[in-house]
Amino acid sequence: MAIRERLSGNEAVSIAMKQINPDVVAAYPITPSTEVPQYFSNYAANGEVDTEFVPVESEHSAMSACIGAQAAGGRAMTATSSQGLALMWEMLYIASSYRLPITMATINRTLSGPINIHCDHSDSMGARDSGWIQIYSENSQEAYDNFIQAVRIAEHPDVMLPVMDCFDGFITSHKVENLNLIEDDEVKKFVGKYNPPYHLMDKNKPMSMGPLSLPMYYFESKRQQAETMRGSIKAILEVAADFEKLTGRKYGLFEEYKMQDAETAIVIINSTAGTAKDCVDQLREKGVKAGLVKIRVFRPFPVTQIVSALSKCKAVAVMDRADSCNGAGGPLFTDVTSAMYGRADGIKVVNYIYGLGGRDVKIDDIHSVYNDLQEIVKTGTVKEVYNYLGVREG
Amino acid sequence: MSKVVEFRWHGRGGQGAKTASILLADAAFNTGKYVQGFPEYGPERMGAPIAAFNRISDQEIRVHSNVYEPNFVVVVDETLLDCVDVTAGIKADGAIIVNTPKSPDEIRPKLDGYTGKICTIDATGIAVDCIKRPIPNTPMLAAAVKVSGVMSDDEFISDMEGSLKHKFATKPQVIALNMDAIKRAIGEVKGL
């Protein structure tokens, strides 16, 4: 039986953690992710979980402790945001290259500076090439659902990679909204027990982790890691199918909203996708063939699947809540356009950087993007590829 | 989408406007609605102007922006009328609810030509009488429910007992006091 609830994203994810009952949670507080370990530490202190809760002295140590615990055969989790994720940087790569299926809630907050506690995706986008699977969540329900699925994906024998469940700081992390929780025992059954094929405490299969790997071997291990990431799509969909059987909630690599006959579409990540869906409905009422693609799995990037979703559109706007400051476009834009190159040529694709540092995005803002797209369809020309939405100029 | 009822709360840090928005979300949730309750986080210091928001609907709520065209505005601190544009975007058939001992007619000149409905409630006075502390959020919440009609008085009262028991699990002595304040506030809204 689903449990009807109203919770913030942080509450929902801390409850998912409680239901999973991992061996170790190691975390250091940082806004807006602080509540996740805060709530969880209550569960640990009250004996509601068996977890060893480790209040470490930094995020670097949080990830290091998770790596140690997971290498020893345990199931480890953490949560962080912004500078905290940045401080984990070198350990993110250690976790993924050691093939340790750690699960992390990444509550998206901009990176300093100027210092700002609000949402954008610059933190997790910066970590997009760290070898972690990245899953993005529109609201509290998805943050909860994806966190539970993340454990299964990470520990899948064909994967064995760490996974981050990313959702918008404050907008999702602190907003109380409706969701359905799964019964405790159903969650436990769904994630199952973690039985790693290899770990440091297994005296029958002695091994070492993280030894020196010089030019003779390093390249091959990286190649295997990259190949595993690419192939993880199968496991991600397999877990989603099982999750749908349990809850009725369907997840894919991305969500297609009114894409069937869409002439114009936006590609977008996280909470603004919800706002944009309302905009699509308003446009549809006026007969505008607008659609939306919401990215769920950003790493691995669903290259061919995205192309086939967008291939019938005439104009597409890719929305980035992070600026790569590279003169070429935001991270989602560059991935979408490189996926389309040679596979779906001729479709006009433009980029909008939006919502940096928590700048609010209204339905009207999204309307202006669709208006621009309709203008592109009408005139057949793109005035500017690289655009900013909702920024004050001059 | 037109069935969504939107609230914007104006208060000062420490007055409980955020808590009130979460409690309103709770109460509406318990009557079977879809809800959102969230504050606008800024420099969080005592006394600084803050805003908080609610959406209440019979259908799933997907929009994740702040509220710009509220049906109802709740002003928890009267002094904000001098420094915040509290009527910005308020819908023509909506209402503004101000915490003040004054009457709606006395408040209107402070609202820069606003012609819509004004309700007032002496929430701080009620809080001091009932709770013995000048924390006006629960009587303001009661006034917001009364004016908006998002649920019946009886539903609200019975639900609040449950919510406050949960919220003040470590301070049970304040539950009855808050319930007194809520019941009084429901009967003392001016301008209905």
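Chain identifiers are assigned alphabetically (A, B, ...) following the order of the sequence lines, protein sequences preceding nucleic acid strands; residue numbering begins at 1 within each chain.
Contact of Thr272(A) with chain B is not made at all, since no heavy-atom distance falls under 4.5 Å.
When the shell of 6.0 Å around CD of Gln173(B) is examined, it contains more than 12 heavy atoms from other residues, nucleotides or ligands. Other residues, nucleotides and ligands place more than 12 heavy atoms under 6.0 Å from the CZ atom of Phe72(B). Crowding of Arg284(A) atom CZ: a count of heavy atoms from other residues, nucleotides or ligands under 6.0 Å exceeding 12. For Asn46(A), the CG atom sits in a packed shell: over 12 heavy atoms of surrounding residues, nucleotides or ligands are nearer than 6.0 Å.
Taking the six-membered ring for Trp and the full ring otherwise, His118(A) and Tyr41(B) have centroids separated by 6.0 Å or more.
In this view, Lys277(A) and Glu138(A), Glu255(A) satisfy the salt bridge (charged side-chain N to carboxylate O under 4.0 Å, His left out) rule, not counting sequence neighbours. Legend: residues meeting salt bridge (charged side-chain N to carboxylate O under 4.0 Å, His left out) with Asp123(A), ordered by chain and number and at least two apart, are absent.
Proximity to chain B among residues 1-10 of chain A is limited to Arg4(A), Glu5(A), Arg6(A), judged by heavy-atom separations below 4.5 angstrom.
No side-chain heavy atom of Ser65(B) sits less than 4.5 Å from a side-chain heavy atom of Val361(A).
Using modelled atom types, no side-chain atom of Asn178(A) and backbone atom of Phe29(B) make a donor-acceptor pair closer than 3.5 Å. At least one donor-acceptor pair under 3.5 Å links the side chain of Thr275(A) to the backbone N or O of His64(B).
Of the N and O atoms on the side chains of Tyr68(B) and Asp364(A), not one donor lies less than 3.5 Å from an acceptor on the other residue.
Residue with the most contacts toward chain A among Asn30(B), Ile22(B), Asp26(B): Asp26(B) (heavy-atom pairs, distance under 4.5 Å).
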Donor-acceptor pairs under 3.5 Å, side chain of residues 115-128 of chain B to any protein atom, not counting sequence neighbours: which ones?
from: Thr120(B); atom 1: OG1; to: Lys102(B); atom 2: O; distance (Å): 2.9
from: Asp122(B); atom 1: OD1; to: Gly125(B); atom 2: N; distance (Å): 3.0
from: Thr124(B); atom 1: OG1; to: Asn99(B); atom 2: ND2; distance (Å): 2.8

Kindly indicate, with the supporting measurements, whether the criterion side chain to side chain contact (heavy atoms under 4.5 Å, CB included) is fulfilled by Arg62(B) and Asp281(A). CA-CA 11 Å; Arg62(B) 297 182 302 195; Asp281(A) 285 2; 2.7 Å; yes
